[in-house]
Amino acid sequence: MKQKFNIIESTCVPLPLENIDTDQIIPARFLKATDKEGFGENLFRDWRYDKQGNLIKDFVLNDPTYGGEILVAGKNFGSGSSREHAAWAIAGYGFRVVVSSFFADIHKNNELNNFVLPVVVSETFLAELFDSIKANPKTIVRVDLPNQTITNTSTGKSETFEINSYKKHCLINGLDDIDFLLQNKDKIEKWEAANK
Amino acid sequence: MNTLFDKIWDKHVVQIVEDGPTQLYIDRLYCHEVTSPQAFDGLRARGLKCLRPDKIFCMPDHNTPTHDQDKEIEDPVSRKQVTTLAKNASEFGLTHFAMNEKTNGIIHVVGPETGLSLPGMTIVCGDSHTSTHGAMGAVAFGIGTSEVEMVMASQCILQQKPKSMRITVNGTLAHGVTAKDLALYLMSQLTTSGATGYFIEYAGEAVRSLSMEGRLTLCNLSIEMGARGGFIAPDETTFAYIKGRKYAPTGDDWDKAVAYWKTLKSGDDAVFDKELQFDAADIEPMVTYGTNPGMGMGITQHIPTLQTIPAAGQTSFVKALDYMGFQPGETLLGKQVDYVFLGACTNGRIEDFRDFARIAKGRHKAENIVAWLVPGSWKVDQQIREEGIDKVLAEAGFEIRQPGCSACLAMNDDKVPAGKYSVSTSNRNFEGRQGPGARTILASPLVAAAAAVTGKITDPRELL
Ligand code: SF4
């Protein structure tokens with residue numbers, strides 16, 4: 001999943017619900033795998049399929065009108081369980097960006113660690129984006145990581161978003177935290193010696 | 001500035017990456033079978049070992065069945081996760097508390113009760129309820145699997161320092177009102193995102209007078225307000241609880257440790273990014289009516305009406321009530337329920353069983369109720385038997401199951417069927433959390449016991 005990141009232009013999948021928790025993103029019964037593969041198929045499982053396993057036609061992921069690499073969700077996305085399987089499911093399904101006005105902490109880190117970019121926008125930007133997608137499902141959103149901007153090309157409105165330069169560097173270069181930490185082993189040993 | 005959180009955090013800083021995160025040293029990593037296999041795989045793929053295997057402890061708990069633990073787990077997928085953890089622990093040289101050994105239980109129950117989780121420590125686990133250990137006066141928080149791998153490889157984690165919040169609860173909790181009610185009340189006031197980005201220090205008379213069990217319950221639920229974690233400054237209650245436990249320091253080390261632990265409090269001049277005050281007298285036994293833990297109310301209250309919900313939240317509110325089969329504006333008192341679950345890292349401790357037994361004593365389980373009483377660990381189970389609580393419960397028609405997470409997330413076979421109502425002492429009432437279509441009402445052990453003996457939502461104060 002170490003995909004380098006630069007500029008992404010894509011249509012969006014809208015999910016205008018608040019407080020979407022990680023149990024909805026990937027229900028607990030799918031946590032039984034011991035690897036990271038195949039979670040995308042069960043992303044939002046219980047909203048996508050009914051109890052008999054039939055497609056729930058009006059759920060947005062089952063609606064061919066919508067598609068793209070950007071998921072747009074209501075406030076407080078990814079609350080609840082810390083399961084990284086939620087991020088694996090989102091990445092596995094093919095999303096590279098999640099846009100919301102607010103993310104739960106652990107989930108946000110999990111997305112970043114799996115090369116999915118969480119973009120925090122203002123409530124107004126989010127509301128307008130949902131409106132644009134509703135009016136025109138082919139609305140393109142442009143996410144420019146180097147310049148830290150997100151643009152709704154339907155309205156031309158643009159916002160900057162925050163990301164610390166360390167994480168940005170990692171995403172752009174396809175590096176992860178372990179690579180970094182292992183380069184710093186001497187500092188770890190120094191800390192241990194001082195804190196016996 | 002000068003908060004207890006700062007003190008513990010700052011002491012563990014290895015370095016601050018320029019315009020980036022902080023590299024923080026971790027004293028304890030706990031692993032369970034669900035969120036660790038991919039981390040072990042990652043290490044193998046990179047050809048790495050665990051840097052400090054003596055600081056890592058493994059415990060299967062999510063998948064363990066609550067019966068026949070001496071036999072192989074029936075479900076092949078659950079069995080695979082549990083055996084994978086055992087294999088990984090042995091390959092990487094880590095301490096492993098195997099299923100059905102008397103040291104096993106839910107990691108968030110066992111960590112504190114064995115003295116593994118101590119004041120002043122940094123503690124992480126691939127599990128959001130790691131916040132529980134904050135009750136010991138530690139900085140404890142849940143992490144993702146990539147971060148588990150990070151800690152295994154380097155005993156460090158990269159984190160942004162969270163903001164600090166102090167929640168002070170003044171006064172005393174009324175009769176029949178427990179730490180769980182306090183937590184559910186705070187959540188109903190703050191919502192499930194009200195503390196996102198913060199670490200919470202709980203303070204005030206109502207918090208200080210909680211037992212360790214109560215404090216563990218309160219800190220457990222910090223994550224449900226969105227916080228990274230929550231903790232309580234250690235005091236005599238904490239020290240008395242830790243003393244003599246298996247991994248607690250002894251002799252001279254004990255005295256030194258206590259002397260240090262006594263310094264672990266926020267300064268009088270401490271400045272928090274946010275301060276909130278509540279009055280314990282405002283709290284009554286709580287129940288949830290929706291599909292997130294913030295949707296709670298006093299047991300005698302009514303579900304809000306749609307008009308009182310802000311516009312942006314109305315769709316989610318309607319969806320939640322639809323799922324629960326409840327009407328806006330109605331009361332839950334007298335609602336018939338089907339299942340009762342006592343257990344989880346929230347309320348699977350001895351005090352919770354004592355509370356449940358107080359109400360069950362001399363009464364009988366209602367006909368319509370299926371009850372699962374699941375101790376949080378074998379040690380709790382042993383205490384239940386030593387105190388004779390098992391007999392009281394058996395006379396009332398209740399059976400005690402074997403320890404584990406159980407119906408808290410229904411990864412084993414304790415699943416609530418679709419459409420059924422469950423009064424649960426766990427921490428999450430999300431859609432499908434206790435089984436696909438299950439309808440969860442979160443509550444304290446007292447409310448759970450009252451439901452178990454009356455078959456419906458009942459104010460426990462009438463039975464005490
Ligand atoms: S009891 Fe529930 S919340 Fe606690 S660790 Fe187990 S599954 Fe998680």
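Each chain gets a letter, A, B and so on, in the order the sequences are listed, and its residues count up from 1. Quick caveat, the model's predicted, so the values are computed rather than measured.
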Undergrad: CD/A:E18 to NZ/B:K319 distance, rounded to the nearest 0.5 angstrom?
TA: 13.0 Å
Undergrad: Look up atom CD in B:Q23 and atom CG in A:L181, then write down how far apart they are to the nearest 0.5 Å.
TA: 5.0 Å
Undergrad: Identify which of B:D127, B:D41, B:T315, B:T291 forms the greatest number of heavy-atom pairs closer than 4.5 Å to chain A.
TA: B:D127
Undergrad: Side chain, backbone, both or neither: which part of A:E111 has a non-hydrogen atom closer than 4.5 Å to chain B?
TA: neither
Undergrad: Apply the test side chain to side chain contact (heavy atoms under 4.5 Å, CB included) to residues A:D21 and B:R433: give CA-CA distance (whole Å), side-chain angles for both, the deciding distance (0.1 Å), then the verdict.
TA: CA-CA 11 Å; A:D21 58 77; B:R433 174 82 177 182; over 6 Å; no
Undergrad: If we define contacts as heavy-atom pairs under 4.5 Å, which of B:A410, B:G435, B:C156, B:A227 has the most with chain A?
TA: B:C156
Undergrad: For B:T84, which atoms come within 4.5 Å of any heavy atom of chain A: side chain, backbone, both, or neither?
TA: side chain
Undergrad: Is chain B contacted by the side chain of A:F103, its backbone, both, or neither, given a heavy-atom distance below 4.5 Å?
TA: backbone
Undergrad: Around B:E74, counting heavy atoms of other residues, nucleotides and ligands shown, do more than 12 lie under 6.0 Å from its CD?
TA: no
Undergrad: Among A:A194, A:A86, A:P27, A:A28, which has the most heavy-atom pairs under 4.5 Å with chain B?
TA: A:A28
Undergrad: What closest approach, in Å, do A:N164 and B:P21 show between heavy atoms, and which atom pair accounts for it?
TA: OD1-CD, 4.2 Å
Undergrad: Just to verify, which of B:Q38, B:K80, B:E33 counts as forming a side chain to side chain donor-acceptor pair (under 3.5 Å) with A:T34?
TA: B:K80
Undergrad: I'd like to verify something: which residue of B:E149, B:H62, B:H129, B:Q155 has the highest number of heavy-atom pairs under 4.5 Å with chain A?
TA: B:E149
Undergrad: Just wondering, more than 12 heavy atoms not from A:E41 lying within 6.0 Å of its CD?
TA: no
Undergrad: Rounded to the nearest 0.5 Å, how far does OG1 of B:T196 lie from CG of A:N76?
TA: 5.5 Å
Undergrad: Looking only at heavy atoms, which two atoms of B:Q15 and A:F180 are closest? And how far apart?
TA: NE2-CZ, 3.8 Å
Undergrad: Are there over 12 heavy-atom neighbours, none belonging to A:K138, within less than 6.0 Å of that residue's NZ?
TA: yes
Undergrad: Please flag which part of A:K51 lies under 4.5 Å from any non-hydrogen atom of chain B: side chain, backbone, both or neither.
TA: side chain
Undergrad: Does any non-hydrogen side-chain atom of A:D177 lie less than 4.5 Å from one of B:E147?
TA: no
Undergrad: Which residue out of A:I20, A:N110, A:D23 racks up the most heavy-atom pairs below 4.5 Å with chain B?
TA: A:D23
Undergrad: Could you tell me whether B:R46 and A:D179 make a salt bridge, using a distance below 4.0 angstrom between a side-chain N and a carboxylate O?
TA: yes
Undergrad: Under a 4.5 Å heavy-atom cutoff, which of A:N19, A:I106, A:T22 has the most pairs with chain B?
TA: A:I106
Undergrad: Look at B:D75 together with A:K32 and state whether they make a salt bridge at an N to O cut-off of under 4.0 Å.
TA: yes
Undergrad: Between chain A and each of B:G42, B:G226, B:G197, count heavy-atom pairs under 4.5 Å; write down the option with the most.
TA: B:G197
Undergrad: Any idea which of A:I188, A:N113, A:L17, A:D46 has the most non-hydrogen atom pairs under 4.5 angstrom with chain B?
TA: A:I188
Undergrad: Shortest non-hydrogen contact from A:Y166 to B:G20?
TA: CB-CA, 3.7 Å
Undergrad: What are the two closest heavy atoms between B:I223 and A:G80, and how far apart are they?
TA: CG1-O, 4.4 Å
Undergrad: Would a 4.5 Å heavy-atom cut-off, applied to side chains only, mark B:P436 and A:R29 as touching?
TA: yes
Undergrad: So what's closer than 4.5 Å to chain B heavy atoms on A:E192: side chain, backbone, both or neither?
TA: side chain
Undergrad: Which one wins on heavy-atom pair count under 4.5 Å against chain A: B:G294, B:S36, B:S128?
TA: B:S128
Undergrad: Check this for me: A:K75, atom NZ, are more than 12 non-hydrogen atoms of other residues, nucleotides or ligands nearer than 6.0 Å?
TA: no
Undergrad: Check whether B:V148 gets within reach of chain A through its side chain, its backbone, both or neither, counting any heavy atom under 4.5 Å.
TA: neither
Undergrad: Please give me the minimum heavy-atom distance between B:P37 and A:A33, naming the atom from each residue.
TA: CG-O, 4.4 Å
Undergrad: Any chance you could lay out the side chain to side chain donor-acceptor pair (under 3.5 Å) test for A:W47 and B:E431, step after step, and finish with the verdict?
TA: CA-CA 10 Å; A:W47 291 352; B:E431 289 181 23; 3.3 Å; yes
Undergrad: For the interface with chain A, which of B:T145, B:V77, B:V14 has the highest count of heavy-atom pairs at distances below 4.5 Å?
TA: B:T145
Undergrad: Side chain, backbone, both or neither: which part of A:H85 has a non-hydrogen atom closer than 4.5 Å to chain B?
TA: side chain
Undergrad: Looking at B:K420, I want to see if its NZ is surrounded by more than 12 non-hydrogen atoms of other residues, nucleotides or ligands under 6.0 Å.
TA: no
Undergrad: With respect to A:L31, which candidate in B:V34, B:N63, B:T35 satisfies the side-chain contact (heavy atoms from CB on, under 4.5 Å) definition?
TA: B:V34
Undergrad: Drop me the distance from B:E18's CD to A:S165's OG, to the nearest 0.5 angstrom.
TA: 7.5 Å
Undergrad: Once rounded to the nearest 0.5 Å, what's the spacing between atom CD of A:E84 and atom OG of B:S146?
TA: 3.5 Å
Undergrad: Measuring from B:F430:CZ to A:S79:OG, what's the distance to the nearest 0.5 Å?
TA: 5.0 Å
Undergrad: Does the side chain of B:R428 come within less than 4.5 Å of A:S81's, by heavy atoms?
TA: yes
Undergrad: Run the numbers on B:I143 and A:N109 for side chain to side chain contact (heavy atoms under 4.5 Å, CB included), then give the verdict.
TA: CA-CA 9 Å; B:I143 57 177; A:N109 275 340; over 6 Å; no
Undergrad: Need one label for A:Q24: side chain, backbone, both or neither, based on atoms under 4.5 Å from any heavy atom in chain B.
TA: side chain
Undergrad: Which atom pair, heavy atoms only, marks the closest approach of A:L182 to B:A153?
TA: CD2-O, 4.0 Å
